[in-house]
J.: 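Can you read through this structure? Questions will come right after.
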Amino acid sequence: MPELPEVETIRAYLDPALRGRRIRAVLHLDPRMLKPVGGWGTSVPALRRVLTGACIRAVERRGKFLTLPLEVGGRLVLHLGMSGRLVLTGPGTAPLPHTHLVLEVAGAGELHLTDPRRFGRIGWLPAQAPEIGAVLGLGPEPLGDGWDAGVLARRLAGRRAPLKALLLDQRVVAGLGNIYSDEALFEARLAPDRPGGDLTPDEVGRLARAVVTVLQRSLAHGGTSFSDYVDALGHPGRNQEYLQVYGRAGKPCPACGSLVASRSVGGRTAHFCPACQGPGAGWAVREERHATV
DNA sequence: CTGCGGCCCTGACGGC
DNA sequence: TGCCGTCAGGGCCGCA
C-alpha cells in the first residue's frame with residue numbers, strides 16, 4: 001500500500017527519468033481507472049489525445065498523489081490506491097496482468113501502471129484547474145516547510161474523532177495511510193482511540209515530530225513493502241524490517257516487550273502497544289525506554 | 001461541519 | 001486436495 005514514502009520514492013526516480021521527455025504513445029488506458037479528480041473529469045479519447053505527443057514537465061507528488069504536468073498545460077494525476085505499481089521498463093515490455101496504463105516515453109522506455117484491485121485512479125486536471133491540493137482540500141505536507149506542532153494543533157482542535165481516523169484523513173495531513181498512522185502513534189506513544197481534540201500541547205508536539213520521524217525513516221529505507229509495493233524499478237523497499245507495531249499483532253513491543261494489539265479504530269485496523277500507548281503512558285514509558293535501551 | 005458506514009475490487013487466507 | 005466465505009484497505013459518497 002503505497003503511502004507518502006513509497007510514492008515519494010517512485011517520484012524521486014521518475015522525475016529525472018521523465019522530465020522533458022515526450023510521450024510517444026498511450027498503449028493502454030483502462031476506462032475503469034479513469035475517475036474524476038474533485039469534479040474535474042475526462043474521457044479515454046480526450047486523455048489519450050492530450051497525452052499523445054506531449055512533453056512531461058516534471059513528476060511531482062502531493063500527499064499520495066503523483067502529478068505529471070505537461071508543457072502544454074494541464075496535468076496527469078495518478079493515485080496507486082493500495083495495490084498500484086508504477087514501473088518504468090524497457091521498450092516493448094509485456095504488460096503484467098491488471099495493467100491499466102502504459103505510456104511509451106521517447107528515450108525513457110515505458111511507464112506501466114498496474115493495479116489489481118483498481119482502488120487507484122487515473123485523472124486529469126486541465127490548465128485552468130487549481131493545483132490538486134486545492135482541488136481536493138488536502139492537508140499540509142508533513143515533510144514540507146509548513147508542518148509543525150501549531151499546524152497540527154489547529155487541525156486537531158475540537159475534533160472528537162480518534163487520532164487514528166484523523167491521521168488517515170487526507171484533509172488533516174496529506175500522505176499517511178494505515179502503516180504510518182500506526183507507526184506515528186507508537187512513536188508518539190499515543191493511543192489510537194484518543195480523541196484528537198483532547199491532546200495536550202506536549203502530546204501534539206510529540207505527534208507532529210513522530211509523523212516526520214517515521215516518514216523520513218521509511219524514506220531512508222526505500223519505503224515499506226508489506227504486500228504489493230515496489231519502486232519504479234520494480235524493487236521492494238526495506239522499511240518493513242523497521243516497523244515497530246504495524247503488522248506485528250501478537251509480537252512483543254520493541255520498547256517494552258508487551259504484546260502488540262490490533263483492533264478496529266475508526267473503521268480501520270490499528271496496531272499499537274497497549275502498555276506504551278495506554279492512557280497517560282507517554283512520559284512513563286519514555287522513561288522505561290531510557291532504562292531498558 | 002462532523003462522524004460513520006457502505007461501496008468498490010481482487011488476492012490471500014482459513015475452515016471444512 | 002480443493003472449494004468457498006471472509007477480509008483487508010484508500011478514497012469517495014451519502015446519510016444522520
Side-chain angles (χ1 to χ4, degrees), chain A residues 1-8 10 30-42 61-67 77-86 95-101 113-125 132-139 142 154-185 192-199 215 218 223-230 236 240 243 245-250 260-272:
Chain A
M1 44 213 84
E3 304 178 27
L4 189 153
E6 292 76 34
V7 178
E8 176 59 25
I10 292 170
D30 186 339
R32 293 173 300 181
M33 291 289 289
L34 214 55
K35 302 164 190 174
V37 180
W40 298 86
T42 184
R61 181 191 59 76
R62 182 75 171 87
K64 303 178 204 173
F65 288 86
L66 285 170
T67 60
V77 175
L78 301 176
H79 193 289
L80 299 179
M82 62 170 282
S83 60
R85 300 178 171 202
L86 192 62
L96 292 170
H98 310 293
T99 296
H100 308 301
L101 175 67
L113 174 68
T114 306
D115 183 5
R117 293 191 183 170
R118 278 192 267 132
F119 276 21
R121 61 180 49 218
I122 300 168
W124 171 253
L125 286 176
I132 189 165
V135 165
L136 296 176
L138 297 177
R154 279 192 290 280
R155 285 164 187 273
L156 297 183
R159 302 293 299 265
R160 301 310 299 163
L163 286 175
K164 173 70 176 174
L166 293 171
L167 290 181
L168 288 172
D169 186 340
Q170 303 300 297
R171 294 165 299 185
V172 172
V173 51
L176 298 190
N178 218 27
I179 296 176
Y180 300 109
S181 56
D182 280 350
E183 292 294 308
L185 288 169
D193 58 359
R194 284 279 296 281
D198 284 1
L199 265 56
L215 293 178
S218 179
T224 301
S225 289
F226 200 80
S227 50
D228 297 290
Y229 168 71
V230 293
Q240 59 277 12
L243 296 179
V245 288
Y246 182 84
R248 302 193 72 250
V260 172
S262 74
R263 183 164 65 81
S264 180
V265 178
R268 283 284 181 266
T269 303
H271 308 74
F272 61 100

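Just so it is clear, the structure is predicted and the values come from calculations on it, not from any experiment. Below, chain A is the first sequence line, B the second, and so on; all start at residue 1.
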J.: Report, as a single string ordered 5' to 3', how protein heavy atoms within less than 4.0 Å touch nucleotides 11-16 of chain C: B base, S sugar-phosphate only, - not at all.
T.: BS----
J.: If you round to the nearest 0.5 Å, how far is CG of A/Asp182 from CG of A/Leu167?
T.: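 So the gap between those two atoms works out to 9.5 Å.
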J.: Within this structure, what is the CD1-to-P distance between A/Ile179 and C/dG9, rounded to whole angstrom?
T.: 9 Å
J.: Looking only at heavy atoms, which two atoms of A/Leu215 and A/Pro142 are closest? And how far apart?
T.: CD1-CG, 3.5 Å
J.: Do you know which two heavy atoms are closest between A/Lys35 and A/Arg118, and how far apart they sit?
T.: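 That would be NZ-O, 3.1 Å.
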J.: Expressed in angstrom and rounded to an integer, what is the separation of A/Leu167 atom CG from B/dG3 atom P?
T.: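 The distance from CG of A/Leu167 to P of B/dG3 comes to 13 Å, rounded to the nearest Å.
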J.: Taking the side chain as everything from C-beta on, heavy atoms only, tell me whether A/Arg194 gets closer than 4.5 Å to A/Leu199.
T.: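 In short, these two side chains touch, coming nearer than 4.5 Å.
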J.: Considering only heavy atoms from C-beta outward, does the side chain of A/Thr224 approach that of A/Glu6 to under 4.5 Å?
T.: yes
J.: Check every strand shown and say whether A/Ser83 touches a base, only sugar-phosphate, or nothing at a heavy-atom separation below 4.0 Å.
T.: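 Result for A/Ser83 = nothing.
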J.: If you measure from CG on A/Leu166 to CG on A/Leu176, what distance do you get to the nearest 0.5 Å?
T.: 11.5 Å
J.: Does the side chain of A/His98 get closer than 4.0 angstrom to OP1 or OP2 of B/dG11 through an N or O atom?
T.: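 Yes, A/His98 has a side-chain N/O under 4.0 Å of OP1/OP2 on B/dG11.
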J.: We want to know whether A/His100 and A/Asp115 form a side-chain donor-acceptor pair, criterion being a heavy-atom distance below 3.5 angstrom.
T.: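 Their side chains do not contain a donor-acceptor pair, so the 3.5 Å distance test is not met.
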J.: Out of C/dG10, B/dC9, C/dG9, which has the shortest distance to the side chain of A/Arg118?
T.: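 Selected nucleotide: B/dC9.
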J.: Would you mind reading off the distance between A/Arg85 atom CZ and C/dG10 atom P, rounded to a whole angstrom?
T.: 17 Å
J.: A/Asp115 CG to C/dG9 P: how many Å, rounded?
T.: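 Distance, rounded to whole Å: 16 Å.
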J.: When you check the gap from the basic side-chain N to the acidic O, do A/Asp193 and A/Arg263 get nearer than 4.0 Å?
T.: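 Yes, this pair counts.
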J.: Between B/dT2 atom P and A/Leu166 atom CG, what is the distance in whole Å?
T.: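 Taking CG of A/Leu166 and P of B/dT2, I get 10 Å after rounding.
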J.: Give a yes/no answer on whether the side chain of A/Tyr246 brings an N or O atom under 4.0 Å of OP1 or OP2 in C/dA8.
T.: no
J.: Are A/Leu136 and A/Arg171 packed together at the side-chain level, in the sense that at least one heavy-atom pair is separated by less than 4.5 angstrom?
T.: no
J.: Give the minimum heavy-atom separation between A/Gly84 and A/Pro2, together with the two atoms involved.
T.: O-CG, 3.8 Å
J.: At less than 4.0 Å, is any side-chain N or O atom of A/Arg159 found next to OP1 or OP2 of B/dG3? Yes or no.
T.: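 Yes.
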J.: At what angle, to 10 degrees, do the two end axes of the helix from B/dT2-C/dA16 to B/dC16-C/dG2 meet, given five pairs define each axis?
T.: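 It comes to 50° between the two terminal axes.
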J.: What's the CG-C1' distance between A/Asp182 and C/dG9, to the nearest Å?
T.: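 Atom-to-atom, A/Asp182 to C/dG9, this comes out as 12 Å.
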J.: May I ask you to say what A/Tyr180 touches in the nucleic acid, namely base, sugar-phosphate or nothing, with a heavy-atom cut-off under 4.0 Å?
T.: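 Contact class for A/Tyr180: none.
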J.: When the distance from NE2 of A/His100 to C1' of B/dT10 is rounded to whole Å, what number comes out?
T.: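 To the nearest whole Å, that distance equals 10 Å.
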J.: Can you check the A/Leu163 CG to B/dG3 C1' distance for me, whole Å?
T.: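 Whole-Å distance recorded here is 15 Å.
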J.: Where the side chain of A/Arg160 is defined as all heavy atoms beyond and including C-beta, which of B/dG3, C/dG10, B/dT10 is the nearest nucleotide?
T.: B/dG3
